[in-house]
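For reference, the structure is listed below as C-alpha cells.
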Amino acid sequence: MFAAENGLKGDPRLQAISQAIRVVPHFPKPGIMFQDITTLMLDHKAFKDTVDIFVDRYRDMGISVVAGVEARGFMFGPSIALAIGAKFVPLRKPRKLPGEVISEAYVLEYGTDCLEMHVGAVQPGERALVIDDLVATGGTLSAAIRLLERVGAEVIECACVIGLPEVKGQCRLNGKPLYILVEPREIDNCC
C-alpha cells in the first residue's frame, strides 16, 4: 500500500521525498529510468522525513529486527532500527559476509541472484521488518521474506521508499504487507 493511501494523503513530506529523488534516464541501460536515492540523502530534511515516516509507522509494532537488503536498504535500515529499538541485520549479496551464512536464491528477469545472512543473526520468533529502496517485481523482497522465515522470524511487513506502478494495489507480497512511500518520477526536473 502506498503511504498516500494510508493516512498520509496530502502530506507535503511525500512530495518533497519524491522531488528529492533524481531520475537518470537510460541508466544502467536504455529504457530504464533510474531512481537515484543518493540525491534524497543529500537533502537533510527529505532524508529525515523519509526515516521519520517509517519510524512513526513501525515504532509500536514490536519489531526487533530491521533487515536491510543490499545495498540501498542499508541506507535507511540502521536509522529506522535505532529509532525503534531494534537490531539491524544486513541481507547481503553472496560472499560479502565473513561468517557462516544462510542463503536464499531468487530469479531476476536476466538471471539469478542470492541474499545471505549470518547464521544466528535472527532468532526464531523475532518480529522483522524488511527495508529496501525500491520494489519493482518483488523478487528480492520475496527472497528476503523466505530467508527470514527459514530461521523462524515473523516478517511483519516490507517497506520501500519507491514502488513501481506495477505493484500499485498490491498490498501484500508473499502474504506480507507491503508499504511504499512514493511512486517513481518519470523525468528529472531539477537539472
Side-chain angles (χ1 to χ4, degrees), residues 1-3 5-6 35 37 41 50-164 166-182:
M1 102 190 60
F2 282 81
E5 300 164 356
N6 187 44
Q35 306 292 308
I37 62 160
M41 294 181 301
T50 301
V51 172
D52 287 349
I53 289 169
F54 286 131
V55 168
D56 289 346
R57 180 167 180 84
Y58 300 114
R59 176 180 288 121
D60 297 321
M61 288 191 179
I63 292 169
S64 57
V65 174
V66 175
V69 176
E70 185 169 338
R72 291 175 292 273
F74 296 1
M75 297 174 182
F76 301 98
S79 297
I80 296 165
L82 284 171
I84 67 172
K87 62 184 170 183
F88 176 74
V89 175
L91 304 180
R92 307 260 353 233
K93 300 292 183 174
R95 297 173 299 283
K96 300 285 185 176
L97 293 170
E100 184 182 355
V101 298
I102 181 171
S103 303
E104 184 67 37
Y106 59 101
V107 177
L108 301 166
E109 59 184 294
Y110 51 85
T112 61
D113 210 341
C114 182
L115 288 177
E116 293 183 343
M117 174 177 70
H118 273 131
V119 170
V122 176
Q123 302 304 310
E126 287 197 276
R127 293 170 55 88
L129 166 67
V130 178
I131 183 89
D132 203 356
D133 70 323
L134 182 140
V135 57
T137 65
T140 305
L141 291 175
S142 293
I145 292 167
R146 290 191 307 270
L147 184 61
L148 290 161
E149 288 181 339
R150 282 177 47 206
V151 299
E154 178 188 359
V155 177
I156 302 305
E157 191 162 86
C158 295
C160 295
V161 177
I162 307 163
L164 296 187
E166 293 78 20
V167 300
K168 188 163 185 152
Q170 181 177 331
C171 298
R172 301 185 85 70
L173 190 64
N174 280 22
K176 304 300 175 189
L178 175 61
Y179 186 71
I180 299 163
L181 297 188
V182 299

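What you see is a predicted model; the values in this text were computed from it and never measured. Residues take their numbers from the sequence shown, with the count starting at 1.
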Item to complete: Evaluate side chain to side chain contact (heavy atoms under 4.5 Å, CB included) for Glu104 paired with Leu91, printing each intermediate quantity in order.
Response: CA-CA 10 Å; Glu104 184 67 37; Leu91 304 180; over 6 Å; no

My understanding is that only residues two or more places apart in sequence, or in another chain, count here; which of them pass side-chain hydrogen bond (donor to acceptor under 3.5 Å, both in side chains) with [X]?
X	answer
Asp113	Lys93
Ser142	Asn174
Glu70	Arg92
Glu116	Ser103

Worksheet item: Who pairs with Tyr58 by ring pair (Phe, Tyr, Trp, His ring centres under 6.0 Å), at least two apart in sequence or on another chain?
Response: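 So Tyr58 forms no ring pair (Phe, Tyr, Trp, His ring centres under 6.0 Å) with any residue.
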
Worksheet item: Considering residues at least two apart in sequence or located in another chain, which fulfil the salt bridge (charged side-chain N to carboxylate O under 4.0 Å, His left out) criterion with Glu157?
Response: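 Salt bridge (charged side-chain N to carboxylate O under 4.0 Å, His left out) check on Glu157 returns Arg57.
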
Practice prompt. Could I get the full list of salt bridge (charged side-chain N to carboxylate O under 4.0 Å, His left out) partners for Lys87, not counting sequence neighbours?
Written response: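 Salt bridge (charged side-chain N to carboxylate O under 4.0 Å, His left out) list for Lys87, sorted by chain: Glu126.
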
Do [X] side-chain atoms and [Y] backbone N/O form a donor-acceptor pair below 3.5 Å?
X	Y	value
His118	Gly99	yes
Arg127	Met61	yes
Arg59	Ala83	no

Within-4.5 Å side-chain heavy-atom neighbours: [X] and [Y]:
X	Y	result
Asp133	Met75	no
Lys176	Glu149	yes
Cys160	Leu134	no
Leu178	Leu141	yes

Can you measure from [atom1] ([X]) to [atom2] ([Y]) and round to the nearest 0.5 angstrom?
X	Y	atom1	atom2	result
Leu97	Ile102	CG	CD1	12.5 Å
Asp132	Thr140	CG	OG1	6.5 Å
Tyr106	Leu147	OH	CG	11.0 Å
Leu115	Ile145	CG	CD1	11.0 Å
Cys158	Leu129	SG	CG	7.5 Å
Ile162	Ile37	CD1	CD1	7.0 Å

Practice prompt. Show the numbers, then the answer: is there a side chain to side chain contact (heavy atoms under 4.5 Å, CB included) between Phe54 and Val161?
Written response: CA-CA 9 Å; Phe54 286 131; Val161 177; 4.0 Å; yes

Discussion item. Holding to side-chain contact (heavy atoms from CB on, under 4.5 Å), I want the full list of residues that pass it with Ala3, two or more places apart in sequence or in another chain.
Written reply: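 Applying side-chain contact (heavy atoms from CB on, under 4.5 Å) to Ala3 gives Leu8, Leu14, Tyr179, Leu181.
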
Fill in: Step-by-step side chain to side chain contact (heavy atoms under 4.5 Å, CB included) determination, Arg72 to Gln35
CA-CA 12 Å; Arg72 291 175 292 273; Gln35 306 292 308; over 6 Å; no

Item to complete: Heavy atoms only: give me the nearest Val66-Ala86 pair and the separation to one decimal.
Response: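 For Val66 and Ala86, the tightest heavy-atom pair comes out as CG2-CB, 4.1 Å.
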
